[in-house]
Amino acid sequence: KAGVTQTPRYLIKTRGQQVTLSCSPISGHRSVSWYQQTPGQGLQFLFEYFSETQRNKGNFPGRFSGRQFSNSRSEMNVSTLELGDSALYLCASSLLGNRFTPSGANVLTFGAGSRLTVL
Amino acid sequence: AQTVTQSQPEMSVQEAETVTLSCTYDTSESNYYLFWYKQPPSRQMILVIRQEAYKQQNATENRFSVNFQKAAKSFSLKISDSQLGDTAMYFCAFMKQGSEKLVFGKGTKLTVNP
């Protein structure tokens with residue numbers, strides 16, 4: 001069973017550019033979440049999508065956006081890149097992703113991440 | 001808002017010995033899950049163990065076990081018979097029931113020495 005696939009694995013951009021990262025969840029997983037990991041701030045939640053709808057959003061500026069497609073694949077976009085956007089961006093998927101999921105569920109499986117460097 | 005605190009930025013242990021990583025959290029939620037994830041140098045975040053807050057019994061997964069103290073809001077991870085492959089960053093994380101959002105601690109860098 002294939003895991004969570006993130007592309008690209010590495011990319012370098014310059015300030016002011018925009019970037020799009022892609023995430024393919026495990027087959028059958030309907031919820032996709034994104035996290036930003038930096039040495040200073042640690043792991044921070046960006047947003048979560050379920051059935052093409054953003055259900056939850058972290059405390060990030062509007063330059064960070066995302067979407068989910070009907071096949072559950074997700075993309076996130078960062079516009080007008082800043083040096084501080086340099087980070088490892090992690091995607092995670094989960095099986096049920098239902099707000100009313102009974103106890104015992106909600107295990108997130110992570111991808112290997114996309115390492116973004118902004119120069 | 002929930003917070004997760006890992007007070008040990010770095011730890012080291014000799015191969016085959018036992019080590020305990022600490023984690024405390026703060027929440028007003030009654031139903032939630034707690035997790036330990038490891039992130040080796042390869043960067044892949046891997047689930048180590050999960051605990052449902054309503055369960056009094058501590059979770060165990062082979063060499064990994066937790067000490068869950070709900071009243072104290074403490075969730076420590078014990079690694080027995082440490083192996084070189086256990087070298088990684090370990091993150092404690094909180095998720096309230098019905099949510100897919102993880103709140104992570106800052107992590108503990110564990111080094112297992114031969």
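Proteins come first, then strands; the chains are lettered A, B, ... in the order of their sequence lines, and each starts at number 1.
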*Asks:* Going by residue number, which parts of residues 101-114 of chain B are within reach of chain A, meaning a heavy-atom gap below 4.5 Å?
*Replies:* B:Lys101, B:Leu102, B:Phe104, B:Lys106

*Asks:* Within the supplied structure, the quantity of interest is the number of heavy atoms (other residues, nucleotides, ligands) at a distance under 6.0 Å from A:Asn71 CG; does it exceed 12?
*Replies:* yes

*Asks:* Could you tell me which portion of B:Phe91 (side chain, backbone, both or neither) has an atom closer than 4.5 angstrom to a non-hydrogen atom of chain A?
*Replies:* side chain

*Asks:* Honestly curious: do A:Val32 and B:Met95 fall in one hydrophobic cluster under the side-chain, below-4.5 Å linking rule?
*Replies:* no

*Asks:* Counting heavy-atom pairs under 4.5 Å with chain B, which one of A:Gly58, A:Ala112, A:Ala92, A:Gly42 comes out on top?
*Replies:* A:Ala112

*Asks:* Are A:Phe60 and A:Val78 connected, step by step, through hydrophobic side chains (Ile, Leu, Val, Met, Phe, Trp, Tyr) whose heavy atoms are closer than 4.5 Å?
*Replies:* yes

*Asks:* Step through the shown structure and confirm whether more than 12 heavy atoms of other residues, nucleotides or ligands are within 6.0 Å of CZ on A:Arg9.
*Replies:* yes

*Asks:* Which answer fits A:Leu90, side chain, backbone, both or neither, if we ask what part of it has an atom under 4.5 Å from a heavy atom of chain B?
*Replies:* side chain

*Asks:* Check step by step if side-chain contact (heavy atoms from CB on, under 4.5 Å) holds for B:Phe35 and A:Leu108.
*Replies:* CA-CA 10 Å; B:Phe35 306 82; A:Leu108 269 62; over 6 Å; no

*Asks:* If you count the non-hydrogen atoms of other residues, nucleotides and ligands that lie under 6.0 Å from NZ in B:Lys73, is the total more than 12?
*Replies:* yes

*Asks:* Say whether B:Tyr33 and A:Val107 are linked into one hydrophobic cluster, either directly or through other cluster members, by side-chain heavy-atom distances under 4.5 angstrom.
*Replies:* yes

*Asks:* Evaluate the criterion side-chain hydrogen bond (donor to acceptor under 3.5 Å, both in side chains) for residue pair A:Ser33 and B:Glu100; output intermediate values, then yes/no.
*Replies:* CA-CA 8 Å; A:Ser33 305; B:Glu100 305 299 309; 5.8 Å; no

*Asks:* Let me know if A:Tyr35 has heavy atoms under 4.5 Å from chain B in its side chain, its backbone, both or neither.
*Replies:* side chain

*Asks:* When you group the ILVMFWY residues by side-chain heavy-atom contacts below 4.5 Å and let the links chain together, are A:Leu21 and A:Tyr10 in the same group?
*Replies:* no

*Asks:* Can you tell me which residue among B:Gln39, B:Arg43, B:Met89 is in a side-chain contact (heavy atoms from CB on, under 4.5 Å) with A:Gln37?
*Replies:* B:Gln39

*Asks:* Would a single hydrophobic cluster contain both A:Tyr49 and A:Phe64, if residues Ile, Leu, Val, Met, Phe, Trp and Tyr are joined by side-chain heavy-atom contacts under 4.5 Å?
*Replies:* yes

